[in-house]
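Proteins get letters first, then strands, A, B, ... in listed order; numbering begins at 1 in each. Just so it is clear, the model here is predicted, and its values are computed rather than measured.
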Amino acid sequence: MKRTAYTLAAALGGLALGTLLLTGAAYAQTPPAPTLSFNKADDAWMMISTALVLMMTVPGLALFYGGMVRGKNMLSMITQVLAIQCIVCVVWFLWGYSLAFTEGSGLLAPFVGGLSKAFLSGVEIASKVETFSLGVGIHELVFVCFQMTFAAITTALAIGGFAERTKFSAIVLFAILWPTLVYFPIAHMVWFWPGPSGIATGVATDTAGFSWQLGALDFAGGTVVHINAGIAGFVGALLLGRRVGFGKEAMPPHSLTLTMVGASLLWVGWFGFNAGSNLEANEYAVLAMANTFIATAAAGLSWMFTEWLVKGKPSLLGLASGVVAGLVAVTPASGFGGPMGTLVLGLVAGIVCFFFCTAVKSALGYDDTLDVFGVHAVGGIVGALGTGIVVDPALGGAGIVDYTKCEVANGAFTGVCGALDYNMVSQVIIQAKAVLMTLAWSGIGSFIVYLIIGVLVGLRVSEETEREGLDIGAHGERAYNQ
Amino acid sequence: MKRTAYTLAAALGGLALGTLLLTGAAYAQTPPAPTLSFNKADDAWMMISTALVLMMTVPGLALFYGGMVRGKNMLSMITQVLAIQCIVCVVWFLWGYSLAFTEGSGLLAPFVGGLSKAFLSGVEIASKVETFSLGVGIHELVFVCFQMTFAAITTALAIGGFAERTKFSAIVLFAILWPTLVYFPIAHMVWFWPGPSGIATGVATDTAGFSWQLGALDFAGGTVVHINAGIAGFVGALLLGRRVGFGKEAMPPHSLTLTMVGASLLWVGWFGFNAGSNLEANEYAVLAMANTFIATAAAGLSWMFTEWLVKGKPSLLGLASGVVAGLVAVTPASGFGGPMGTLVLGLVAGIVCFFFCTAVKSALGYDDTLDVFGVHAVGGIVGALGTGIVVDPALGGAGIVDYTKCEVANGAFTGVCGALDYNMVSQVIIQAKAVLMTLAWSGIGSFIVYLIIGVLVGLRVSEETEREGLDIGAHGERAYNQ
Amino acid sequence: MKRTAYTLAAALGGLALGTLLLTGAAYAQTPPAPTLSFNKADDAWMMISTALVLMMTVPGLALFYGGMVRGKNMLSMITQVLAIQCIVCVVWFLWGYSLAFTEGSGLLAPFVGGLSKAFLSGVEIASKVETFSLGVGIHELVFVCFQMTFAAITTALAIGGFAERTKFSAIVLFAILWPTLVYFPIAHMVWFWPGPSGIATGVATDTAGFSWQLGALDFAGGTVVHINAGIAGFVGALLLGRRVGFGKEAMPPHSLTLTMVGASLLWVGWFGFNAGSNLEANEYAVLAMANTFIATAAAGLSWMFTEWLVKGKPSLLGLASGVVAGLVAVTPASGFGGPMGTLVLGLVAGIVCFFFCTAVKSALGYDDTLDVFGVHAVGGIVGALGTGIVVDPALGGAGIVDYTKCEVANGAFTGVCGALDYNMVSQVIIQAKAVLMTLAWSGIGSFIVYLIIGVLVGLRVSEETEREGLDIGAHGERAYNQ
Amino acid sequence: MKLVMAVIKPFKLDEVRQALTDIGIQGMTVTEVKGYGRQKGHTEIYRGAEYEVTFVPKLKIEVVVPSASVDKVIETISSVAKTGQIGDGKIFVLGIDQSIRIRTGETDEDAL
Amino acid sequence: MKLVMAVIKPFKLDEVRQALTDIGIQGMTVTEVKGYGRQKGHTEIYRGAEYEVTFVPKLKIEVVVPSASVDKVIETISSVAKTGQIGDGKIFVLGIDQSIRIRTGETDEDAL
Amino acid sequence: MKLVMAVIKPFKLDEVRQALTDIGIQGMTVTEVKGYGRQKGHTEIYRGAEYEVTFVPKLKIEVVVPSASVDKVIETISSVAKTGQIGDGKIFVLGIDQSIRIRTGETDEDAL
Ligand SMILES: Nc1ncnc2c1ncn2[C@@H]1O[C@H](COP(=O)(O)OP(=O)(O)O)[C@@H](O)[C@H]1O
Ligand SMILES: Nc1ncnc2c1ncn2[C@@H]1O[C@H](COP(=O)(O)OP(=O)(O)O)[C@@H](O)[C@H]1O
Ligand SMILES: Nc1ncnc2c1ncn2[C@@H]1O[C@H](COP(=O)(O)OP(=O)(O)O)[C@@H](O)[C@H]1O
């Protein structure tokens with residue numbers, strides 16, 4: 001890549017970022033908060049969910065990814081994941097939360113929030129945010145923390161595409177720029193809405209997030225987290241090019257033991273991710289848990305049996321990959337589908353992702369080190385579209401909640417909400433639109449981010465460092481001594 | 001073993017299974033559900049407990065077991081555990097929950113449930129099940145998930161008896177057949193009952209589980225999980241025979257580091273297992289937690305100090321095994337005993353299990369690879385009988401709850417329940433009967449399962465594969481590359 | 001060291017211990033308990049917090065520490081941690097809880113409790129203790145368990161100072177004596193108080209803990225846990241002397257992978273530690289969580305970037321150490337500070353601890369194996385003093401709660417409590433006094449404990465065992481086989 | 001003196017060591033190695049990427065013995081390490097000029 | 001017969017093995033070793049403790065060949081293992097007195 | 001040229017390497033090995049199963065030197081690696097026919 005091309009693009013990117021931040025800052029304003037009832041069980045549930053999602057990233061994802069790289073890059077892999085967790089946490093508290101979860105302004109409003117809550121200004125100890133139940137609140141700081149863990153894991157997922165060859169300084173910059181330009185906007189598009197009280201009282205929804213306005217369903221982040229990370233990783237893999245020796249030398253995972261531990265912790269933590277996304281400890285959270293069990297188990301098995309048939313042996317990496325593919329696919333559907341529907345969704349996801357990680361990948365020859373495209377983007381797309389199907393009450397799904405029909409008594413959510421009429425075909429089309437929007441924003445945004453980083457510090461380590469391993473080269477340490 | 005013998009037995013077994021399923025299906029019916037109050041804290045507690053029990057299996061048990069096998073079988077061990085988790089999950093959702101927790105019919109009713117809830121039919125998002133408190137409910141789907149994790153870990157525990165020599169296809173079949181023929185019935189026998197409302201309103205209890213009708217106490221699964229898995233593993237160890245080189249070649253654990261991590265995660269997760277078995281976040285859950293701490297610590301120390309005295313050195317494997325033995329022994333007693341009583345129970349369990357895993361095992365010469373008999377069956381029996389002792393209020397136990405005397409106000413459980421008169425001797429005898437029932441059903445049922453598998457795919461890998469290691473032989477992968 | 005010196009000191013120490021226990025036993029009495037309201041969500045939150053803190057110790061700390069030692073001492077390290085967890089658990093149930101959390105008598109009352117609750121006598125299934133909210137209770141047994149995990153981890157932290165050279169028998173004695181002479185008293189000094197009801201009704205506070213009477217703030221144990229463990233480890237490091245080959249032979253961590261996993265689990269578990277220390281699932285717990293995120297991330301980054309600048313490369317061990325330093329520093333401040341204040345506290349802690357673990361340590365030449373002084377004592381002091389600053393409402397802190405002004409309705413905590421006037425300078429001075437008290441008691445008390453152990457069994461292994469490794473030498477096992 | 005260098009199947013080590021001790025050999029040095037030969041390796045597949053693993057794990061035993069003992073040593077190793085299947089391994093003999101025992105400074109056959 | 005013992009850079013193993021197979025060599029034994037030489041190691045820092053790591057990872061290949069093939073083998077290894085950068089490694093040749101194939105008892109060149 | 005092959009206690013490596021460098025040796029190759037000899041191993045017990053571990057960890061150093069330097073090298077290793085306790089190890093000397101430096105093609109003493 002040419003440095004000059006980089007410079008130009010970076011300048012443009014910087015400009016865009018600046019504008020975006022400024023316009024957000026200038027006009028952002030939030031509607032008066034409704035009085036919200038509060039149940040300690042919800043705060044307890046959200047705190048533990050938040051801790052679980054942290055555990056998904058460190059040590060979960062660090063081990064899942066780390067186990068798959070070669071021993072000489074192990075330390076670098078887990079350092080990158082831990083550093084990303086730290087950096088995104090700080091960035092989120094400083095401006096990320098505000099960009100994602102406050103109202104933006106002007107034409108950009110459906111795409112990104114403002115800076116009214118930058119530095120958590122206005123987020124008091126007693127502040128609450130509304131859940132999906134009319135008039136029910138949880139404390140805002142736990143929502144801030146919970147959502148932070150999503151931003152962190154998404155960023156960490158993305159780097160799997162270009163593992164074993166990227167400069168640490170590039171990763172540091174990536175952890176600042178990518179969430180800002182890509183993740184926070186997409187989170188805003190999907191999850192920023194007026195809340196049940198807003199809907200019930202008929203406030204204007206034209207500043208709500210773009211995908212939300214479309215009517216797209218994404219319970220826990222299929223588009224925001226998985227398709228997004230998958231595309232970002234894929235674009236990075238293409239831009240950085242293949243690893244030295246790719247296709248010629250054997251590059252077996254250095255420890256499938258650790259990969260299995262990582263996959264297991266991802267599964268355990270994913271209950272915080274999916275059931276926690278309900279923001280309340282009620283029957284929808286329970287539904288999300290049940291779906292997160294059955295779809296995951298089904299996808300693990302469908303990948304394993306498919307591989308057994310096609311390749312002759314059932315492998316651990318296959319089973320573990322299937323488990324993750326199932327988790328990815330069920331994410332957007334978890335609070336909406338019924339268990340038998342998501343079981344089928346999981347079966348499909350396992351097979352489709354297997355196909356992409358083996359046949360498609362070797363046919364095209366790209367070097368997406370840890371298959372973030374084949375598992376997260378593909379699994380995410382299967383899940384996003386499938387959500388449109390399994391949510392159908394006719395298939396045992398929960399339907400789409402009509403927030404003007406939820407009852408609350410004594411501050412507690414009293415029963416199942418009313419449901420809107422459901423049209424599967426039109427919902428699947430809406431889902432497809434949301435997927436396309438994510439593909440486009442993430443693809444272009446990530447590309448810009450890599451250009452900027454390329455200009456500022458360069459993306460790739462020297463061939464010598466790559467041969468010797470990033471552990472010694474970038475960190476002066478080895479993961480193992482003896 | 002002869003193939004012909006297998007074939008016959010399998011045919012019979014298959015027939016029995018078919019009948020059992022059919023009869024169950026034909027007559028199953030459930031009484032009208034009482035109106036249950038609901039507290040979000042209970043759902044929150046049960047969700048996190050469920051996640052904790054999943055963590056016990058993956059990665060907990062996978063590491064505890066995996067660390068003890070040789071490096072060449074590590075990947076196979078953890079693949080088996082993860083695959084079992086997935087398979088049992090699917091089986092449970094399809095027919096297991098129904099067989100365990102619905103009313104059966106005819107003579108079999110006390111032994112196995114029916115198929116009325118197969119495919120979770122009738123389990124709605126809003127469905128609730130009653131806890132042990134009169135009129136208090138939790139959402140049924142979380143109960144389904146919680147109990148699923150028990151079925152999965154029990155199945156995974158059992159395979160420790162014949163680790164390092166079993167075909168993967170045999171393990172897959174085992175994960176389908178064994179729960180169906182052995183675990184679901186035993187769970188039904190111990191835990192299927194009319195609930196506090198049923199008792200309080202005096203419904204007939206003649207279709208309740210066999211052990212429950214006996215009056216046996218098993219808070220969190222001492223018989224259902226541990227004795228059951230222990231016997232199943234033991235029978236498997238005997239049927240498959242010793243590993244190649246057993247007694248001649250050194251077979252040291254390849255990573256006691258991982259075994260220690262596994263034991264630790266088992267301990268952490270066991271709070272979900274034991275305190276979660278209370279189904280509510282109240283003082284009995286808290287009591288279960290306290291007992292799960294003190295008995296475990298005591299058993300770890302008593303094993304360690306006994307070994308120090310007898311063998312000259314206190315070992316990590318001994319300490320970790322003692323910890324697990326303590327967890328096993330306290331399981332049935334956890335919500336019933338007082339801390340000082342379970343402390344003694346733990347001390348006894350550590351010593352007895354040490355004795356069985358060392359002296360008895362080497363005297364008899366069987367090759368129970370991971371001591372599932374010495375730790376789980378023996379520890380489970382110590383615990384089951386000990387429960388009859390420590391539950392005694394005279395020894396600080398909680399006594400036996402009289403469900404007609406629990407008070408509920410505003411939908412919340414208001415205080416300690418009334419207690420029935422307690423007779424220690426007769427309770428210990430009842431406990432012994434429940435143990436014998438478990439030994440018999442699990443022993444015979446497991447035997448039949450192995451016969452069926454033997455006929456269908458065979459149980460044991462070739463000697464060559466065993467020498468080379470199951471990782472390469474069965475999965476075409478290695479756990480570690482450098 | 002001379003045996004005779006030891007003998008004398010041990011005799012004195014034993015005498016002191018005896019007296020202390022006896023006087024405590026003779027006069028202890030507790031005021032009549034107020035009627036407390038109860039919310040299941042609090043019990044649920046405290047149970048899960050307790051499990052999380054257990055996970056911090058095993059496997060968290062075991063791996064964090066174990067990864068840093070050489071392979072030949074790995075098994076010994078993790079055995080020590082697990083054994084300490086077991087021993088301290090038993091000791092706590094037998095007499096520790098009573099010494100820490102009952103009223104003492106006479107002149108010693110502000111320094112140590114009595115024996116009225118030894119063997120948990122009087123701790124019934126239904127017993128409750130008051131939280132920090134007026135009239136709100138949780139069940140006492142979960143408080144007993146929660147606090148036990150603190151005693152255990154503190155003891156385990158301390159041994160990092162003299163890892164890789166201490167006899168296992170010495171560790172066993174340490175786990176009994178040190179908590180008794182050092183930890184229980186310091187916990188009593190900081191955390192034993194009459195509770196909100198006591199304050200609101202104006203009971204005498206002259207038997208409350210010494211540091212509490214000073215007015216020192218320590219939300220989750222900065223002094224009790226970290227400074228205390230740090231000093232104890234440091235004194236041990238000095239008394240035992242350097243490891244054979246220290247400064248001459250390379251002693252790289254045998255697995256930074258495991259150290260990273262340990263640091264991650266410490267972070268995850270620390271939400272139980274910090275947010276759990278609030279004893280209730282309300283907005284202060286949520287605040288503690290937010291602070292535990294931001295300060296930790298900030299400290300990890302500040303250590304990493306400082307090292308990058310000073311040493312040329314950002315290391316994983318540096319990043320992970322910074323994360324732990326941040327967790328340590330934010331501990332006393334977690335429920336009091338505002339996120340922007342604790343962010344700065346974290347940044348400072350990362351840099352100061354880096355400086356102590358590198359420059360100061362190599363200048364002075366002591367062999368504090370795992371930097372328990374540089375991270376825990378130093379980080380703890382930064383945190384304790386910093387708490388006096390960040391608690392200031394002018395800096396976004398929560399101020400000091402005025403317990404006579406908390407409102408409770410329907411048994412639930414209804415809002416933010418009133419706050420006392422805040423004077424930062426005088427609070428920092430109070431904090432410094434509490435730090436000095438901890439330094440003195442822990443330093444002297446630990447010294448006495450080491451003398452006693454030295455007399456009874458000796459502290460250090462033979463040079464030969466040290467060379468061969470403690471795994472084989474003390475436990476007859478190796479952590480890894482192949 | 002001669003250096004007898006034998007490449008054998010790993011699980012045969014204990015038997016070989018025992019047999020050598022029985023014929024009076026008091027020392028040897030063992031190294032984990034990877035062997036390439038007629039014995040085929042296996043294929044490993046990681047998410048679609050197939051690797052032909054051509055090397056198989058072996059152990060290399062090195063024993064320095066007085067020239068007179070060489071035949072007995074070869075015979076002993078041969079008979080004990082043999083399974084009759086491909087991959088049993090090889091024995092090579094090399095000449096040794098000097099031997100020294102570091103602890104005592106003894107040399108040549110005294111040093112063995 | 002000769003024992004050709006080559007110390008090479010690890011990532012060259014597969015190419016070298018292939019090249020040797022191509023010239024008819026049917027067996028070899030490989031050991032992971034640490035090399036010290038002109039190629040410098042690196043510095044590792046663990047919380048302020050700096051270690052000079054002077055050894056670099058290498059692979060040692062041992063091939064026993066008929067004396068006649070020695071030159072070809074040396075040439076093959078030399079050309080394939082060469083990158084031109086410091087640390088490419090060495091080849092040493094030692095004499096071999098005897099060879100035995102354990103499985104069959106064949107000796108000398110038949111045993112290779 | 002000669003190949004000096006020394007088996008030593010692992011913790012002596014750095015000192016030996018330093019001492020050899022001091023007398024002008026510029027290269028060596030080190031292998032982790034397990035030694036069997038007079039130095040006894042230890043017993044390991046895993047849940048009642050006792051294993052006699054007869055092998056102890058050692059390092060094998062291989063240095064190829066001009067024949068003239070052999071004595072100095074032996075002396076150096078001997079004196080530095082000695083602790084006086086059983087298990088200090090052995091030094092064996094073998095003849096070398098040829099040496100080649102892969103990078104440059106230099107041969108024999110030039111290649112060391
Ligand atoms: N020419 C050789 N030089 C060095 N080592 C060899 C040679 N040939 C074989 N070996 C070693 O001997 C081992 C066994 O040889 P192999 O051809 O597989 O079976 P067999 O011993 O039955 O002939 C190989 O794995 C390799 O380590
Ligand atoms: N005299 C020697 N004896 C044994 N091995 C040697 C000797 N000299 C070098 N080696 C081995 O050869 C490797 C490469 O040598 P080095 O001096 O680094 O580079 P080059 O091969 O380019 O001269 C060393 O790492 C070491 O393993
Ligand atoms: N005959 C031998 N051939 C090869 N290696 C030997 C021989 N004898 C001893 N060794 C090696 O030397 C090491 C030290 O020998 P040992 O008998 O334990 O003590 P010492 O060196 O004091 O005589 C052994 O562990 C082994 O690796």
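- Checking D/Ser99 against D/Asp108 by side-chain atom types alone, no donor-acceptor pair falls below 3.5 Å.
- Using a 4.5 Å cut-off between heavy atoms, A/Met68 contacts chain D through its side chain alone, with no backbone atom that close.
- Using a cutoff of 4.0 Å between basic side-chain nitrogens and carboxylate oxygens, D/Lys58 and D/Glu32 are not scored as salt-bridged.
- With respect to chain D, the highest number of heavy-atom pairs below 4.5 Å among A/Pro252, A/Gly374, A/Ser315 belongs to A/Pro252.
- D/His42 has its ring centre no less than 6.0 Å from the ring centre of D/Tyr51.
- Of the listed residues (A/Gly312, A/Gly247, A/Ser321, A/Ala359), the greatest number of heavy-atom pairs within a distance under 4.5 Å of chain D belongs to A/Ser321.
- In this structure, chain D has no heavy atom under 4.5 Å from any part of A/Val360.
- Using a 4.5 Å cut-off between heavy atoms, D/Glu52 does not touch chain A at all.
- At distances below 3.5 Å, not a single donor-acceptor pair connects side-chain atoms of A/Arg70 with backbone N or O atoms of A/Gly469.
- Residue A/Leu316 does not touch chain D at all, counting heavy-atom pairs closer than 4.5 Å.
- Note that the CG atom of A/Leu63 and the OG1 atom of A/Thr57 stand 11.5 Å from one another [nearest 0.5 Å].
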